[in-house]
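For reference, the structure is listed below as structure tokens.
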Amino acid sequence: MDESPARYAAVCVDHPLPQLNQLFDYRIPPELLDRVEPGCRVSVRFSNRKLKGTVLAVRDHADFAGTILPILDVIPPGPVLTAEVAELAQRIADRYAGNLADVLRLALPERKIRVEKEPPGERLPVTAPKLAHWNRYNAGEAFLRALRDGKAPRIVWNALPGEDWAARLAEAAAVAAAAGRGALLVVPDQYDVERLDRALTAVLGPDRHVTLANAMGPTPRYRSFLKALRGEVRIVAGTQVAMFAPVADLGLVAVWDDGDKNLVSLHAPHPHAREVLLTRAELTGAACVIGGFARTAQAQLLVETGWAVSAAGRRDALRAAAPRVVPIGDDADLKIDPSSSTARLPSVAWDAARKALAADRPVLLQVPRRGYVPAVSCQRCRTRALCPECTGPLRLTGPRRPPVCTWCGRVDEPHRCAECGSDRIRAVVIGAARTAEEIASAFPGVEVVESNASERLDAIPAGARVVVSTPGVEPAAPGGYGAVLLLDTWAQLTRAELTASEEALRIWMNAVALCAPGGTAVVTADGGLPVVQALIRWDAAWFAGQELADRAELGFPPVMRFAALTGLNGEAEKLAADLPLDVEVIGPIPVDEQHERVLLRVRRRDGAALAATLAKATAERAGAKAEQVRVQIDPREIA
DNA sequence: ATGTAGGATCAA
DNA sequence: TGATCCTACATC
């Protein structure tokens, strides 16, 4: 018997410390030689504790000169991290100055042993769809053709109003699968996953795809993961938790409505699904669709740098599909007056609603805030009404009800203004519930229903009906709404965030997209504003171009890359000052009593260097027991 | 983080 | 001098 050479595994240990963001060598004992493979989960001894880890490489030498411990055990069911996802995870860890261990936790779901015992299914064949309705878009057919030919076309796709986007994505996935490649489709929320699920079943037939979302629970999620890993299915549709799914032979990645905040992972280092998927497209040579009714500045940058091609609706198709969009500027008509129940709706909006209802069509009202009257002020001196106990904002919960604190729930009765002592109050913001009440009294006999984040309506039946919804949870109507009314737009437009207008256009377009062709959409905003113009002309590409130019001018993302450093007073600033890199430091601004935040700004092409420097600096600080500073690349407050 | 090695500290 | 506390340090 000849001595076979010792084998070693490079393991990423499940440990969150930044200074341990490196691979550790372990010896593979002879009895585990045939089971330890790259991508396996293993159990190891680390710093005198038993931890789990992921094997990234198996080699016949170790880089480490000290004592090398053996791998204790291999965790079934074999390799769960594919080579592609391993490389992707490293790229994302680098991009976001995060730990590989953290990113691997995003990529590998919690194990459920009973799922592993289920018999594997067989892979069902996928045939190309007979029809794929992409011909209404510039570059649409060219995209499908290239996809069918196994190439890597990349488009930023702006859907026409009323578009069945889920069906279009399902068709694209089917084309990729019929060409022998896999597809990964990521959407903002569970409702969109369900819609995509139905569209995929309709196009492909049953059992050709799986869904992957947190809401389905750990067991079905692990089942979907394994089906994708084993190649039982080639198509995965999910929320952002699916972005690292092990789709074999990836041929298409797609993200829908990439401006939606839900596409950012909830876990460190908080990568954005769009960034992960476009990295994946680059790594694998997959085609890429960044789609939505609206367009983000980030997507526009991909177009302007030539990374992707713009695919917007063709002129004739837009003319056929577009509803009439009527802007109603800020005039006397629109003043909020609690004594009048209808003053908030301009007559054009009333007319549009009345006409739609008379034609037995539903009407959608988009209202930014839920509740009855979520903010009140003093009738006499206009001071904002706050809770005398905790200074939280007071709100009204219904007609003739006393003010209630939004934070602590205290009923403030009898209410007196803290400034002038008056007991009269006025509404500052009118919520969806009050709007529904106003509408109900204006249209007696018409059913009024509400949809909001906690009580979401999925779809409504055909017929005359009024839906009052907060943004993002508007139910679809069969055949489309006869009228869509966008109310209180000032709330969104006056937000301080960098993305306020972009976000306004996104939520408006998502609502107006539900309008029937030839229907009317009324937006209560000044028609001279570029964002309103973009809605009227259904030209998200034009607006994104403007937006990107503005941001370039001002030095904002995505043209410049930002990092936020948060830590105990002075610490973040100190870390920033010590960086061996030319960065612009903005701030610090206080977060609370003890903590403050600085923003770092670099040119986009220096983003990788910034992330690398920050990862190194935080690791060194942690090693030196300095106070921890949290790093976030592309922080929410600016990007 | 967390266990450990080696130094500093202190009572006898 | 030994026992104990403390801090620096590596973790394969």
Side-chain angles (χ1 to χ4, degrees), chain A residues 3-76 78-81 83 85-87 89-90 93-94 96-108 110-111 265-270 565-568 570-572 574-575 578 594-595 612-632:
Chain A
E3 288 261 315
S4 37
R7 303 280 282 167
Y8 298 91
V11 175
C12 176
V13 180
D14 293 0
H15 208 300
L17 284 181
Q19 66 271 42
L20 298 179
N21 185 22
Q22 51 173 302
L23 300 184
F24 292 89
D25 289 327
Y26 284 87
R27 185 163 47 78
I28 305 174
E31 66 274 19
L32 294 180
L33 264 176
D34 53 345
R35 290 177 60 211
V36 176
E37 290 176 64
C40 276
R41 297 277 292 155
V42 290
S43 166
V44 293
R45 186 154 276 284
F46 184 82
S47 183
N48 265 329
R49 290 191 301 155
K50 203 174 148 189
L51 292 178
K52 289 174 188 165
T54 311
V55 175
L56 288 183
V58 172
R59 308 180 294 205
D60 54 13
H61 69 279
D63 294 335
F64 186 61
T67 321
I68 294 181
L69 299 178
I71 284 178
L72 299 177
D73 211 347
V74 179
I75 299 165
V80 287
L81 182 71
V85 177
E87 191 180 355
Q90 186 61 63
D94 294 345
Y96 285 93
N99 292 227
L100 183 59
D102 282 342
V103 180
L104 290 182
R105 188 138 25 103
L106 297 178
L108 303 175
E110 197 187 324
R111 191 180 162 223
S265 170
L266 292 162
H267 304 286
H270 307 289
L565 310 182
T566 314
L568 278 176
E571 295 293 332
K574 191 143 113 272
L575 192 157
D578 293 345
Q594 295 111 45
H595 299 268
T613 311
L614 284 172
K616 193 153 161 277
T618 47
E620 280 166 7
R621 282 176 64 88
K625 285 266 185 182
E627 282 297 339
Q628 193 187 313
V629 173
R630 246 172 48 87
V631 173
Q632 177 63 53

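Residue numbering restarts at 1 for every chain, and letters A, B, ... go by the order of the sequence lines. In what follows, every heavy atom counts, from backbone to side chain, and hydrogens, waters and symmetry copies are set aside.
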Could you tell me the separation between the [atom1] atom of [X] and the [atom2] atom of [Y], rounded to the nearest 0.5 Å?
X         : Y         : atom1 : atom2 : answer
Arg621(A) : Lys616(A) : CZ    : NZ    : 14.0 Å
Leu575(A) : Glu620(A) : CG    : CD    : 9.5 Å
Leu20(A)  : Leu100(A) : CG    : CG    : 12.5 Å

With heavy atoms of chain A within less than 4.0 Å as the criterion, where does contact along DNA chain C begin and end?
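Footprint of chain A along DNA chain C, 5' to 3': dT11(C) to dC12(C).
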Would you jot down, in residue-number order, the residues of residues 28-60 of chain A having a non-hydrogen atom under 4.0 Å from DNA chain C?
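Going residue by residue through residues 28-60 of chain A, the ones with a heavy atom under 4.0 Å of DNA chain C turn out to be Arg45(A), Phe46(A), Ser47(A).
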Sequence neighbours excluded - salt bridge (Lys or Arg N to Asp or Glu O under 4.0 Å) pairs with any residue from residues 58-74 of chain A
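Passing the test, one end in residues 58-74 of chain A: Asp25(A)-Arg59(A), Arg59(A)-Asp63(A).
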For Val55(A) against Val36(A), the heavy-atom pair lying closest together
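Minimum heavy-atom contact is CG2-CG1, 4.1 Å.
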Taking all atoms of both residues into account, what is the closest heavy-atom pair of Thr618(A) and Pro18(A), and its distance?
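Looks like O-CG, 4.3 Å.
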Tell me, what's DNA chain C's dot-bracket, Watson-Crick or G-U with both distances under 3.5 Å, | for other-strand, [ ] crossing?
|||||||||||.
Who are the salt bridge (Lys or Arg N to Asp or Glu O under 4.0 Å) partners of Arg27(A), not counting sequence neighbours?
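Once residues adjacent in sequence are excluded, Arg27(A) has no partner under the salt bridge (Lys or Arg N to Asp or Glu O under 4.0 Å) criterion.
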Tell me, please, which residues at least two apart from Asp94(A) pass salt bridge (Lys or Arg N to Asp or Glu O under 4.0 Å).
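Residues passing salt bridge (Lys or Arg N to Asp or Glu O under 4.0 Å) with Asp94(A): none at all.
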Touch check for Leu69(A), heavy atoms < 4.0 angstrom, all strands: base, sugar-phosphate only, or nothing?
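Contact class for Leu69(A): sugar-phosphate only.
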Need one value for Leu20(A): base, sugar-phosphate or nothing, where a base atom within 4.0 Å counts as base even if backbone is also close, heavy atoms only.
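Base, at least one base heavy atom under 4.0 Å.
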What residues, two or more places apart in sequence or in another chain, satisfy side-chain contact (heavy atoms from CB on, under 4.5 Å) together with Gln594(A)?
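So Gln594(A) forms a side-chain contact (heavy atoms from CB on, under 4.5 Å) with Leu568(A), Asp592(A).
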Once side-chain contact (heavy atoms from CB on, under 4.5 Å) is applied, do any residues pair with Ala572(A), and if so which ones, sequence neighbours excluded?
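Leu565(A), Val598(A), Val629(A).
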Under the ring pair (Phe, Tyr, Trp, His ring centres under 6.0 Å) test, which residues partner His270(A), sequence neighbours left out?
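Checked His270(A) against ring pair (Phe, Tyr, Trp, His ring centres under 6.0 Å); zero matches.
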Please collect all side-chain hydrogen bond (donor to acceptor under 3.5 Å, both in side chains) contacts where either partner lies in residues 34-50 of chain A, sequence neighbours excluded, each pair once.
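Sorted pair list: Asp14(A)-Arg41(A), His15(A)-Arg49(A), Arg41(A)-Thr54(A).
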Going 5' to 3' along DNA chain B, which nucleotides are the first and last within contact of chain A (any atom under 4.0 Å from a heavy atom)?
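Footprint of chain A along DNA chain B, 5' to 3': dA1(B) to dT4(B).
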What residues form a side-chain hydrogen bond (donor to acceptor under 3.5 Å, both in side chains) with Asn99(A), not counting sequence neighbours?
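For Asn99(A) there are no side-chain hydrogen bond (donor to acceptor under 3.5 Å, both in side chains) partners, ignoring immediate neighbours.
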